[in-house]
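Quick notes on the structure that follows.
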Amino acid sequence: MKILMVCLGNICRSPMAEGIMREKITKYNLKAKVDSAGFESFHLNDTPDYRAIKVMSQHGIDISRHRMRLFQENDFQEFDRIYVMDQYNFQDVLSVSKSKEDSDKVDLILNVLEPGKNRIVPDPYYGGVSGFEKVYDLLDQATEQIALEIKNTK
Ligand code: 4NP
């Protein structure tokens with residue numbers, strides 16, 4: 001199972017999702033791979049936001065080696081599932097999809113907890129550290145669910 005986490009900047013939410021998911025893959029010894037990408041090139045090749053690195057490190061996860069990368073069309077071939085954080089990311093990914101097979105891979109990550117509700121993981125970039133803690137909590141729950149689904153379909 002290959003999973004791609006997608007947000008706008010690939011410096012806050014999606015690298016956090018990738019880092020937490022990687023921990024769960026290890027914890028449950030899953031045969032899975034995870035990566036992350038974004039659509040806004042302003043921070044291309046940058047490390048994650050310092051607040052994201054800090055909150056993650058408080059949970060024992062180091063994401064400081066991640067470097068921002070852009071979503072590419074080839075990601076539809078490379079990954080089985082593409083989880084986005086909000087409706088803007090959803091539109092961004094769909095805008096480069098070429099087939100139903102592509103678009104069927106895409107969903108809002110919080111729909112794994114509440115299918116069809118279309119809740120979003122709010123962009124924490126312009127807020128304080130508490131926003132990043134909220135993002136951590138939401139993504140921890142969602143990635144736990146994803147991990148259990150993979151584990152149970154082995
Ligand atoms: P992210 O947050 O999408 O969670 O990584 C953002 C980071 C940077 C920008 C926007 C959102 N930006 O426009 O630079």
Side-chain angles (χ1 to χ4, degrees), residues 1-26 32-98 102-147 149:
M1 175 64 65
K2 293 182 185 168
I3 296 167
L4 184 66
M5 305 295 193
V6 173
C7 64
L8 177 60
N10 189 223
I11 57 166
C12 301
R13 293 165 294 176
S14 63
M16 291 176 73
E18 177 191 344
I20 306 169
M21 189 70 229
R22 185 164 292 117
E23 282 287 302
K24 312 263 186 206
I25 289 170
T26 303
K33 178 190 146 170
V34 62
D35 192 8
S36 65
F39 277 86
E40 164 57 59
S41 61
F42 187 67
H43 291 280
L44 192 65
N45 292 322
D46 281 358
T47 55
D49 186 280
Y50 70 98
R51 295 162 295 179
I53 292 176
K54 185 167 177 225
V55 166
M56 291 292 286
S57 76
Q58 285 165 352
H59 293 277
I61 303 174
D62 178 14
I63 59 166
S64 64
R65 279 163 299 177
H66 176 76
R67 294 295 179 273
M68 190 279 156
R69 81 157 173 95
L70 290 170
F71 184 89
Q72 20 186 69
E73 265 180 42
N74 183 47
D75 287 327
F76 283 115
Q77 275 74 60
E78 194 60 32
F79 293 92
D80 304 302
R81 291 192 203 163
I82 299 170
Y83 289 114
V84 300
M85 304 296 139
D86 64 32
Q87 69 276 31
Y88 304 111
N89 321 143
F90 193 82
Q91 285 308 321
D92 283 339
V93 175
L94 282 198
S95 72
V96 285
S97 70
K98 290 220 167 65
D102 287 352
S103 55
D104 281 349
K105 295 181 176 185
V106 190
D107 201 2
L108 288 162
I109 192 167
L110 293 187
N111 277 347
V112 304
L113 297 172
E114 295 176 291
K117 275 219 169 172
N118 297 338
R119 286 176 63 211
I120 64 160
V121 181
D123 187 345
Y125 190 63
Y126 295 103
V129 168
S130 67
F132 287 76
E133 279 154 2
K134 169 87 178 158
V135 167
Y136 181 92
D137 284 346
L138 292 171
L139 293 175
D140 186 44
Q141 294 173 51
T143 54
E144 181 74 15
Q145 179 63 28
I146 294 167
E149 281 174 16

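As the structure lists them, so they are numbered: ligands from 1, and atoms in each ligand from 1.
- Taking the centre and axis of the six-membered ring of Phe132, the NZ or CZ atom of Arg13 falls outside the cone set by 45° and 6.0 Å.
- If you check the side chains of His59 and Asp140, you find no donor sitting under 3.5 Å from an acceptor.
- Looking at Met85 against ligand 1, nothing comes within 4.0 Å, counting heavy atoms.
- In terms of protein heavy-atom proximity, atom 10 (C) of ligand 1 is closest to Leu8 CD2, 3.7 Å.
- When each of Lys98, Arg69, Lys105 is checked for a salt bridge (charged side-chain N to carboxylate O under 4.0 Å, His left out) with Asp75, only Arg69 meets the rule.
- For the 3.5 Å distance criterion, the side chains of Asp92 and Asn89 fail to qualify, holding no donor opposite an acceptor.
- Comparing Arg13, Glu40, His43, Met16 by heavy-atom distance to atom 13 (O) of ligand 1, the nearest is Glu40.
- For atom 2 (O) of ligand 1, the nearest non-hydrogen atom of the protein is Asp123 OD1, 3.2 Å.
- Just one of Glu144, Glu149, Glu18 meets the salt bridge (charged side-chain N to carboxylate O under 4.0 Å, His left out) condition when paired with Lys24; it is Glu144.
- At a 3.5 angstrom cut-off on N or O pairs, Phe42 does not count as close to ligand 1.
- The aromatic rings of Phe71 and Phe39 lie parallel to each other, their planes meeting at an angle below 30°, with 60° marking the opposite boundary.
- Scanning the protein heavy atoms around atom 5 (O) of ligand 1, the nearest turns out to be Cys12 N, 2.9 Å.
- Gly9 N, 2.7 Å is the protein heavy atom nearest to atom 3 (O) of ligand 1.
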